[in-house]
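A quick write-up on the structure given underneath.
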Amino acid sequence: MNKIVLWSITAALAGFLFGFDTVVISGADKKLQALWDSSDSFHGWVVISSALWGTVLGAIFAGIPTDKWGRKNTLIAIGLLYSISAIGSALANDPITFAFFRFIGGVGVGVSTIAAPAYISEISPADKRGKLVGFYQFSLVFGILIAFLSNFLLSGIGDNDWRWMVGVEAFPAIIYTLFILSVPKSPRWLLINGKPEEAGKILQLINPNRNVDEMIQEIQKNNAMPESHEHIFMKKYRFPLILAFLIAFFNQASGINAFLYYAPRIFEEAGLGESTALLSSVGIGVTNMIFTLIGINLIDRLGRRQLMYIGSIGYIISLSLVACAFFLGWDGMAVPIFLFIFIAAHAIGQGTIIWVFISEIFPNHLRGSGQSFGSSVHWVMAAAIPAAVPFLFSSIGAGMVFAFFAFMMVLQLLFVKFMMPETKGITLEELSNILIGKK
């Protein structure tokens with residue numbers, strides 16, 4: 001079991017780079033707009049959102065390398081993309097070059113949301129799967145915290161402090177790439193690709209108390225061969241497809257990425273000074289990490305649905321309070337406190353659940369393409385919402401924006417109650433049969 005934990009943590013470090021890459025831009029946000037004298041529209045859609053458009057592309061096509069080259073080889077490629085992106089962004093001298101290298105990093109983010117959870121879910125015992133895949137989310141929020149902290153520490157070291165903010169990511173990216181070389185390939189991927197002996201050795205390590213031949217037989221019974229031309233849009237896979245779409249849609253309809261990208265700007269809108277706003281952003285990172293830890297420790301005990309109930313109710317309360325704070329002009333620390341509650345609700349619910357849930361609900365031979373679909377929905381939303389935030393804040397006001405997010409979370413609560421199945425403690429093969437059998 002210790003080896004499985006080590007392999008899971010190593011693969012999950014892709015999440016650290018995801019979190020760091022996503023949020024590091026928040027510290028350079030206003031500096032870059034002033035440096036290149038960009039309009040709100042150009043700054044939002046090109047400079048800030050370039051990484052997110054890369055993420056959308058990466059998520060759409062990630063199922064191809066993840067299924068064809070394997071989970072491990074795809075994870076190695078991710079590390080290289082992050083390294084190139086960090087160095088190129090730090091050396092950029094114009095907004096288009098900067099956007100191009102941020103786009104490359106975004107592709108790495110998009111691919112990592114498929115390859116890393118797929119890999120971890122396929123090497124994990126059923127009763128530990130939620131927690132082990134949850135390492136990916138923990139690494140993600142740890143990356144967010146380190147990015148906020150790094151931005152705070154590097155802010156003000158000179159006119160080019162933003163270069164250090166975006167470039168420092170190269171160090172963990174190179175270390176991750178070297179570490180991932182040491183993990184084995186996914187046994188389920190090996191079986192799909194006709195390598196039962198290699199798969200058997202890894203399965204024996206994962207489940208030492210079970211008969212390897214029986215495990216192989218059980219997995220192969222669920223697998224269709226790649227040449228069978230099955231795809232996720234077939235009628236029998238409609239239910240898992242709808243589940244992947246809705247959980248990804250609601251994840252971003254909470255406004256989480258818009259907030260993470262513009263945390264300092266939102267705090268300044270609420271009346272805090274620049275340094276206080278940056279420091280409050282570090283507090284967001286700490287809150288996120290603490291409640292993610294709580295979430296991944298509860299996910300295999302309480303289950304996915306219970307955590308989604310807790311998160312949905314927390315979302316509704318906190319987002320409604322943030323909207324009221326902007327409508328009624330509450331000053332001081334009101335908005336940061338309400339947003340800390342919002343982050344806690346996200347971390348213990350959607351944040352902990354999304355990548356675990358999407359990695360569980362599709363059959364082995366379609367896991368890559370199924371996750372690619374769910375992740376693509378997530379990232380299209382994640383690109384569009386933050387890109388529109390500067391314009392929406394200046395046109396309809398922050399209060400209306402957060403009120404809309406609160407309403408969407410009421411709809412998420414209804415989704416959890418009436419549609420979302422519980423997946424804890426069920427093997428991937430059993431789960432696949434249950435969901436495909438549901439029309």
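Position 1 is the first residue of the sequence, and the numbers go up from there. This is a predicted model, so every value here is computed, not measured.
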Could you check whether Tyr119 and Trp189 have their ring centres less than 6.0 Å apart? no

Does the side chain of Pro95 come within less than 4.5 Å of Phe42's, by heavy atoms? yes

Per the side chain to side chain donor-acceptor pair (under 3.5 Å) rule, which among Arg367, Arg129, Lys185 passes with Glu122? Arg367

Distance-minimising heavy-atom pair for Ser372 and Phe61: OG-N, 4.1 Å

Determine whether the aromatic ring centres of residues His378 and Trp355 are separated by less than 6.0 angstrom. yes

Would you indicate whether the side-chain heavy atoms of Ile146 and Phe142 approach each other to under 4.5 Å? yes

Nearest heavy-atom pair of Gly110 and Ala62: which atoms, and what distance? O-CB, 4.4 Å

Would you call the rings of His365 and Tyr237 parallel, tilted or perpendicular, where under 30° means parallel and over 60° means perpendicular? perpendicular

Would you find a donor on one side and an acceptor on the other, under 3.5 Å apart, between the side chain of Asn297 and the backbone of Leu293? yes

The single option from Ile114, Val56, Val111 that satisfies side-chain contact (heavy atoms from CB on, under 4.5 Å) with Ser375 is Ile114

Using salt bridge (Lys or Arg N to Asp or Glu O under 4.0 Å), reason through Asp127 and Lys131 one step at a time and then give a plain yes or no. CA-CA 9 Å; Asp127 61 337; Lys131 187 172 184 176; over 6 Å; no

Which heavy atom of Ser359 sits nearest to which heavy atom of Val133, and what is that distance? OG-CG1, 4.1 Å

Could you tell me whether the side chain of Ser432 reaches within less than 4.5 Å of the side chain of Asn364, counting heavy atoms only? no

Sub-3.5 Å donor-acceptor pair from the side chain of Thr74 to the main-chain atoms of Pro65, do we have one? yes

Whether Asn288 side chain and Val141 backbone form a donor-acceptor pair below 3.5 Å: no

Which heavy-atom pair separates His346 from Tyr315 by the least distance, and what is that distance? ND1-OH, 2.5 Å

Is a salt bridge present between Lys424 and Glu360, judged by a nitrogen-to-oxygen distance below 4.0 Å? no

Look at the rings of Phe249 and Phe245 and say which category their plane angle falls in: under 30° parallel, 30 to 60° tilted, over 60° perpendicular. parallel

If every non-hydrogen atom of Phe342 is compared with every non-hydrogen atom of Ser318, which pair is closest and at what distance? CA-OG, 3.2 Å

Taking atom CZ of Phe233 and atom CZ of Arg238, what is their separation to the nearest 0.5 Å? 12.5 Å

Can you see which heavy atom on Ser121 is nearest to which on Ala118, and at what distance? OG-O, 3.0 Å

Can you tell me if Ser155 uses its side chain to pair, donor with acceptor, with the backbone of Phe152 under 3.5 Å? no

Using modelled atom types only, decide if a donor and an acceptor are shared between the side chain of Arg163 and the backbone of Ala92 within a distance under 3.5 Å. yes

Check the angle between the aromatic planes of Phe326 and Phe402 and answer parallel, tilted or perpendicular using the 30° and 60° thresholds. parallel

Is it the case that the ring center of Trp379 lies less than 6.0 angstrom away from the ring center of Phe18? yes

Got a donor-acceptor contact below 3.5 angstrom from the Ser376 side chain to the Ile60 backbone? yes

When you compare the side chain of Leu154 with that of Trp162, does any pair of heavy atoms fall below 4.5 Å? no

CD1 (Ile180) and CZ (Arg71) are apart, to the nearest 0.5 Å, by 13.5 Å

Would a distance-only check, ignoring hydrogens and angles, find a side-chain to backbone donor-acceptor pair under 3.5 Å from Ser139 to Ala12? yes

